[in-house]
Every structure is written in structure tokens, then in C-alpha cells.
K.L.:
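First, the structure itself, so that you have it in front of you.
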Amino acid sequence: MLGAAHILLLLLAALGIVFLLHIVHALPPARARRTVCAAALLVPALELTHSVWLWATGVSHLVQLLPLHLCGIQSLFIPLAVFTRRTCFQDFVYATSLLGGVFGILFPAGVADYYPVLSFQTIQTVLLHMLLIFVPLALIRTGEHLPSLHRFPRVLCIFFAVALVVGTVDRIFGENYMFLYEAPAGTPLVWVFGTFGRPVYLIVTFLLLAGASLLIHLPFALRQRQVERAVRQRA
């Protein structure tokens, strides 16, 4: 965790995402669209390879192979956002996939300190989370999506609906999807959970995620205000 190899992976991932965004921006619109669609299909494909790998290593219970972590469910929502072009899905992906990708690379719970750098688990984790960052930014870069702070309540509604379903699975089968029952290892949230218990941990986690989601919406809100101010001045 945050050793030399981890930091090198972070740098390579950041450079790769910047390079891909530059390529998408330089492509003609039709080819850029096909590139984003291909990336959207790679997300569930990579998630599926992880489930197959788990099964091959001896995880035989179906419930343990489900993509129900916040990053895993993007294998459903990213294709929905890209192929349906529905704003509600695009908003949800921007607010959750982008942050999930960033935190998943910064704090790769269950990977760091468990697997070597050159292993399937590490490479799959890095590539998947790179795509979780790339796709929502590529949608913005190609002009297909413009985040809006006014639509943020819809994101919360989708998030709570997903958390309700995942929480039900966790409770019935004793799992810890979306880390609803235990904090992810290697993160500061472990201290919050151990010190204050699960209710406080869930509240703190939600406030941190919601706050971070709001922060990444602020640049677009400020830009919209500047545009509106410029229009009023011309009028």
C-alpha cells in the first residue's frame, strides 16, 4: 500500500488515462463514440474475468461472485450510461464511478499487501479502475454529458436504491458488498469503524462520498454561473 510499486502503478494509470482522453478528443466524433462504447463493454468483460478467476481459485458460492461492490456495479451502469445516453445513468456514473475508480486505485483493498504487482488480481484491478475513471471523463470530453449540481438528488436516489438491494444481499448471505458491514482494509475508515461502530462508520462514509461527489460537480456549477452571468450582461 503506497509503496514504490504502488506509486509507480498510480503514475502509469494517470498517464494512461490522460493519454486515452487526449486520443478520444482528437478523434472524429464517430470514432470517438466507438472508442467510448468499446471501453464501456470492457468494464463488464473485466469484471467477468474477475468472477471467473475467483471461481477458478476455489470460490464456488455464486453469491460471492456477484459484482455488487460500488465499482463492480459499474459493469451495469456504465454500459447503461453509454448506450442509452440517459442523463440519470450518466450522472450516476460520473458521481460514483469516477470516485470509485480513484479510491480503488489509491486504496486497493484486498489487493495491496496481498498480491504482487505482476499478478492477475493487481493488473485486473488497475485496468478496471482506470476504465471507471476514463469512461465518465470521456463522456464529458466528447460532449455527450455535462454534469449538473441540480440533478444531484437523482444520483442520491439511485445510490440509496442500489444500497438497499446490496444491503439486503449482505444481510441474507453474510457478505460485505459495498463495505456496508465492515470498513475496507487499508483505509482510514477502519479506524472509524473500530472506534465508533458500524452506524457512525456508515454515516461518515456516506457523508464523505456525498461530499466528494458534490465537489467534483462544483466546477460545472461555477462554469454554468459564469455563462448565465455573461448572458445577462449581454442582455
K.L.:
Flag this pair as yes if the NZ/CZ of Arg198 is under 6.0 angstrom from the six-membered ring centre of Phe193 and inside a 45 degree cone about the axis; otherwise no.
P.N.:
no
K.L.:
Tell me yes or no: between the side chains of Thr122 and Ser119, is some donor less than 3.5 Å from an acceptor?
P.N.:
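Short answer, yes.
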K.L.:
For the side chain of Tyr115 and the backbone of Phe120, is there at least one donor-acceptor N/O pair under 3.5 Å apart?
P.N.:
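Side chain of Tyr115 to backbone of Phe120: no pair is present.
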K.L.:
Does atom CG (Leu11) have a neighbourhood of more than 12 heavy atoms from anything else shown, all under 6.0 Å?
P.N.:
yes
K.L.:
Determine whether a donor-acceptor pair (N or O, by modelled atom type, separation under 3.5 Å) exists between the side chain of Ser97 and the backbone of Tyr94.
P.N.:
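No.
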K.L.:
Are Ser148 and Phe220 side-chain neighbours, meaning at least one heavy-atom pair lies under 4.5 Å?
P.N.:
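In short, these two side chains do not touch, never coming nearer than 4.5 Å.
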K.L.:
Between the side chain of Thr195 and the main-chain N/O of Val192, is any donor-acceptor distance below 3.5 Å?
P.N.:
no
K.L.:
Return yes if some donor-acceptor pair links the side-chain N/O of Thr35 with the main-chain N/O of Val24 below 3.5 Å, else return no.
P.N.:
no
K.L.:
Check whether Thr205 reaches the backbone of Leu202 with its side chain - one donor and one acceptor, N or O, closer than 3.5 Å.
P.N.:
no
K.L.:
Should we say atom CH2 of Trp53 is surrounded by more than 12 heavy atoms from elsewhere, each under 6.0 Å from it?
P.N.:
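Counting other residues, nucleotides and ligands, CH2 of Trp53 exceeds 12 neighbours.
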K.L.:
With under 30° as parallel and over 60° as perpendicular, where do the rings of Phe92 and Phe77 fit, or are they tilted in between?
P.N.:
tilted
K.L.:
Report yes if the side chains of Leu132 and His129 come closer than 4.5 Å at any heavy-atom pair, otherwise no.
P.N.:
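A side-chain contact under 4.5 Å exists here.
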K.L.:
Determine the minimum heavy-atom distance between Pro136 and Val93, stating which atoms define it.
P.N.:
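The pair with the smallest heavy-atom distance is CB-CG1, 4.0 Å.
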K.L.:
Where the side chain of Asp170 meets the backbone of Tyr177, is there a donor-acceptor pair that is under 3.5 Å apart?
P.N.:
yes
K.L.:
Verify whether one side chain among Thr49 and Gln124 offers a donor that lies under 3.5 Å from an acceptor in the other.
P.N.:
no
K.L.:
May I ask you to test the Phe103-Leu70 pair for a side-chain heavy-atom distance under 4.5 Å?
P.N.:
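Of all side-chain heavy-atom pairs linking Leu70 with Phe103, none is under 4.5 Å.
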K.L.:
Which heavy atom of Met178 sits nearest a heavy atom of His69, and at what distance?
P.N.:
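Between these two residues, the closest heavy atoms are N-ND1, 2.9 Å.
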K.L.:
Between His217 and Ser213 (side chain of the first, backbone of the second, donor and acceptor by atom type, cut-off under 3.5 Å), is there such a pair?
P.N.:
yes
K.L.:
Tell me, do Leu65 and Val59 make a side-chain contact under 4.5 Å, heavy atoms counted?
P.N.:
yes
